[in-house]
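The next block holds one structure in the form of structure tokens; read it before the comments.
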Amino acid sequence: MNIVLLSGGSGKRLWPLSNDVRSKQFIKMFHPIEDNADGNAANSDTDNLESMVQRVYGQIKRADANATVTIATSKSQVSAIHNQLGDKVSVCVEPTRRDTFPAIALAAAFLQDKLHVSRDEAVIICPVDPYVDDSYFDCFNELEKMVKSGDYNLNLMGVEPTYPSEKYGYIQPEKPEHISKVSAFKEKPDVETAQKYIDEGALWNCGVFAFKLGYIIDRAHELIDFKDYQDLFDHYEDCKKISFDYAVGEHETSIGVVRYSGSWKDIGSWNTFAEEMHENMIGKGEMDEECVNSNVVNELNIPIIAMGLKDMVVAASNDGILVADKGRSSFIKPYVERLTQHIRYAEKSWGSFTVVDVQPEALVIRVVLLPDHRLHYHSHEHRDEVWTVMSGEGTVILDDVKKDVKAGDVISIKVGQKHTVIAKTELVLNEVQVGKEISVEDKIKYDFPV
């Protein structure tokens with residue numbers, strides 16, 4: 001089974017835990033499904049929590065251990081994906097954002113040219129962040145069978161609605177059977193119209209569809225002028241912004257849908273996120289007995305005490321602090337857009353970094369390197385750096401000279417000096433940058449010394 005997970009998002013609706021490089025699917029706030037089944041959800045240790053992308057990947061592998069998973073994403077999310085999933089998934093990187101059809105076309109070309117998937121193989125497209133039970137991915141096996149049968153060119157999964165929602169589009173099946181031909185698509189309606197659709201047997205459109213690889217490759221060539229994957233990648237910014245629904249769905253007459261009747265939730269705000277949290281407090285802090293229907297998520301190393309909160313969410317990270325009524329939390333986006341600030345936390349393929357302090361001519365960063373990982377071998381033209389090892393062991397290379405380091409060691413790095421560090425164990429160090437021009441662009445990379 002070939003599955004492409006679409007990973008996008010600007011990281012504004014779950015601020016301050018999400019940002020431009022850490023979208024909601026990378027926030028670790030859920031207990032592993034195995035823990036939930038064992039009744040261990042009371043543990044709020046953040047080290048034991050998993051993100052939505054980790055949860056979805058695990059569910060796919062439980063449904064089909066041999067599934068090939070490719071994540072279609074922007075360059076800014078690649079490090080977070082490798083940090084959380086390692087090298088277990090392939091990643092198709094969009095050079096720039098061009099909506100879902102160009103993203104799927106690029107992923108299809110990637111599967112054909114890079115992973116050598118044949119034109120007759122089934123490909124399933126799915127959002128990276130559905131909050132569902134395992135039966136959702138069991139339904140993928142039915143989608144694959146639909147593709148292989150050739151009864152329909154385009155195959156969808158529709159969710160049986162539990163209430164009339166204004167947030168989703170609707171799929172109208174011709175018949176009430178488990179698998180049916182699709183008669184129509186309905187745009188996001190008002191509540192009254194949504195109820196009418198439901199009464200007529202319509203399903204929620206959850207953004208899952210499947211086809212033979214050759215089908216979408218041919219459609220891509222009809223709408224985009226490209227030779228192969230590399231050519232499409234090189235000229236990707238010239239692609240018209242268009243959704244898959246408009247480019248393909250509206251023009252295809254041979255469409256089938258399989259019903260999914262299990263749990264499904266689109267978690268897109270603090271209110272819906274909080275509904276799936278297994279404890280009211282994550283991180284350091286206390287809540288008194290007068291708190292009602294409230295949640296605190298604290299990523300800071302200082303405690304939060306909440307007293308008498310009702311229907312509230314409190315979230316704290318190095319990017320900021322949110323105190324909001326749950327009902328109002330879904331309207332956060334325009335307020336976040338007014339802020340002008342640099343990202344203060346990001347996960348990288350080698351670990352993570354947190355901005356601790358910012359001064360006019362100095363910056364303090366906490367760097368955490370995973371065991372057996374390393375930074376690029378690089379230098380800076382406009383700043384000095386001082387590294388203080390807080391914990392762990394590793395090896396520093398400074399102008400091609402190696403030195404083993406441990407907790408308490410201090411390394412001074414002058415302008416122009418080539419440097420890197422290799423972690424033997426998990427390695428935590430404080431990096432102090434000093435200079436009149438401190439910028440992420442001030443980095444010259446070199447080949448790693450032998």
Side-chain angles (χ1 to χ4, degrees), residues 7 9-31 44-55 76-77 79-81 83-84 129 267-287 291 294-306 309 312-326 328-348 350-359 363-370 390 428-431 440:
S7 179
S10 59
K12 293 182 173 64
R13 296 192 184 278
L14 289 173
W15 185 91
L17 268 62
S18 62
N19 54 40
D20 286 340
V21 299
R22 189 195 187 196
S23 296
K24 65 180 181 180
Q25 56 264 34
F26 302 113
I27 299 173
K28 296 181 179 180
M29 284 206 291
F30 305 106
H31 285 279
S44 62
D45 183 356
T46 54
D47 291 338
N48 294 328
L49 302 179
E50 66 179 6
S51 67
M52 293 165 80
V53 69
Q54 290 172 317
R55 175 186 169 95
S76 64
Q77 293 187 2
S79 290
I81 290 169
N83 178 284
Q84 296 196 0
D129 54 3
I267 298 181
S269 68
W270 274 113
N271 196 12
T272 53
F273 232 94
E275 290 175 358
E276 302 305 331
M277 290 169 57
H278 292 93
E279 54 276 317
N280 295 328
M281 168 71 72
I282 294 179
K284 289 188 175 182
E286 297 287 342
M287 301 178 73
C291 290
S294 296
N295 298 81
V296 176
V297 183
N298 183 15
E299 290 191 336
L300 301 177
N301 199 31
I302 54 175
I304 292 176
I305 296 178
L309 300 184
M312 299 286 288
V313 59
V314 178
S317 78
N318 273 46
D319 280 349
I321 298 172
L322 170 71
V323 180
D325 173 81
K326 285 187 175 180
R328 290 289 302 165
S329 65
S330 59
F331 301 99
I332 189 176
K333 186 175 180 180
Y335 296 93
V336 177
E337 290 174 340
R338 296 178 195 173
L339 302 177
T340 55
Q341 64 179 47
H342 296 293
I343 292 169
R344 299 178 71 98
Y345 174 84
E347 291 181 336
K348 310 295 286 184
W350 42 259
S352 65
F353 73 83
T354 303
V355 176
V356 177
D357 191 20
V358 180
Q359 298 295 329
L363 186 70
V364 181
I365 298 175
R366 176 71 54 83
V367 177
V368 179
L369 270 80
L370 300 172
M390 308 298 291
V428 180
L429 57 87
N430 277 358
E431 174 180 299
V440 294

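All residue numbers refer to positions in the sequence shown, counting from 1.
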Side chain to side chain donor-acceptor pair (under 3.5 Å) against [X], all qualifying residues, sequence neighbours excluded:
{"X": "S76", "value": "S74"}
{"X": "Q84", "value": "S51, E347"}
{"X": "N280", "value": "none"}
{"X": "S79", "value": "none"}

Heavy-atom pair with the smallest gap, counting every atom of [X] and [Y]:
{"X": "I343", "Y": "V355", "value": "O-CG2, 3.9 Å"}
{"X": "K12", "Y": "V336", "value": "O-CG2, 3.8 Å"}
{"X": "M52", "Y": "D129", "value": "CE-O, 3.0 Å"}
{"X": "L14", "Y": "K24", "value": "CD1-CB, 3.2 Å"}
{"X": "V296", "Y": "A306", "value": "CG2-CB, 4.0 Å"}

Within the distance-only criterion (no hydrogens, no angle test), does the side chain of W270 pair as donor or acceptor with the backbone N or O of M312 below 3.5 angstrom?
->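 Checking the backbone N and O of M312 against the side chain of W270, no donor-acceptor pair under 3.5 Å is found.
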Side chain of T272, backbone of I267: donor and acceptor closer than 3.5 Å?
->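 Looks like no, no N/O pair under 3.5 Å.
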Check whether any side-chain heavy atom of K284 lies under 4.5 Å from a side-chain heavy atom of N301, and answer yes or no.
->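 A side-chain contact exists here, since the closest heavy-atom pair is under 4.5 Å.
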Nearest 0.5 Å please: distance from the [atom1] atom of [X] over to the [atom2] atom of [Y].
{"X": "I365", "Y": "R344", "atom1": "CD1", "atom2": "CZ", "value": "10.0 Å"}
{"X": "R55", "Y": "K28", "atom1": "CZ", "atom2": "NZ", "value": "15.5 Å"}
{"X": "R366", "Y": "N430", "atom1": "CZ", "atom2": "CG", "value": "4.0 Å"}
{"X": "I282", "Y": "M277", "atom1": "CD1", "atom2": "CE", "value": "3.5 Å"}
{"X": "I305", "Y": "E286", "atom1": "CD1", "atom2": "CD", "value": "7.0 Å"}

Sequence-distant partners of [X], side-chain contact (heavy atoms from CB on, under 4.5 Å), two or more places apart:
{"X": "F331", "result": "R328"}
{"X": "A324", "result": "V313, L322, S329"}
{"X": "V368", "result": "S352, E426, V428"}
{"X": "L370", "result": "N83, H373"}

Please identify each residue that fulfils ring pair (Phe, Tyr, Trp, His ring centres under 6.0 Å) with F273, with sequence neighbours left out.
->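 Partners of F273 by the ring pair (Phe, Tyr, Trp, His ring centres under 6.0 Å) criterion, ordered by chain and then number, come out as F30.
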Non-neighbouring partners of E276 that pass salt bridge (charged side-chain N to carboxylate O under 4.0 Å, His left out), sequence neighbours left out |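 Scan of E276 (salt bridge (charged side-chain N to carboxylate O under 4.0 Å, His left out), adjacent residues dropped) gives K265.
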Sort and list the pairs that fulfil side-chain hydrogen bond (donor to acceptor under 3.5 Å, both in side chains) and have at least one residue in residues 313-326, not counting sequence neighbours.
->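 Sorted pair list: N19-D319, N293-K326, N295-K326.
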Does atom CG of D357 have more than 12 heavy-atom neighbours, drawn from other residues, nucleotides or ligands, at distances under 6.0 Å?
->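 Correct, the count exceeds 12.
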Do other residues, nucleotides or ligands put more than 12 heavy atoms under 6.0 Å from the CD atom of E275?
->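 Yes - once you tally the heavy atoms of other residues, nucleotides and ligands closer than 6.0 Å, there are more than 12.
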Steps toward side chain to side chain contact (heavy atoms under 4.5 Å, CB included) verdict (E299, T354) | CA-CA 11 Å; E299 290 191 336; T354 303; over 6 Å; no
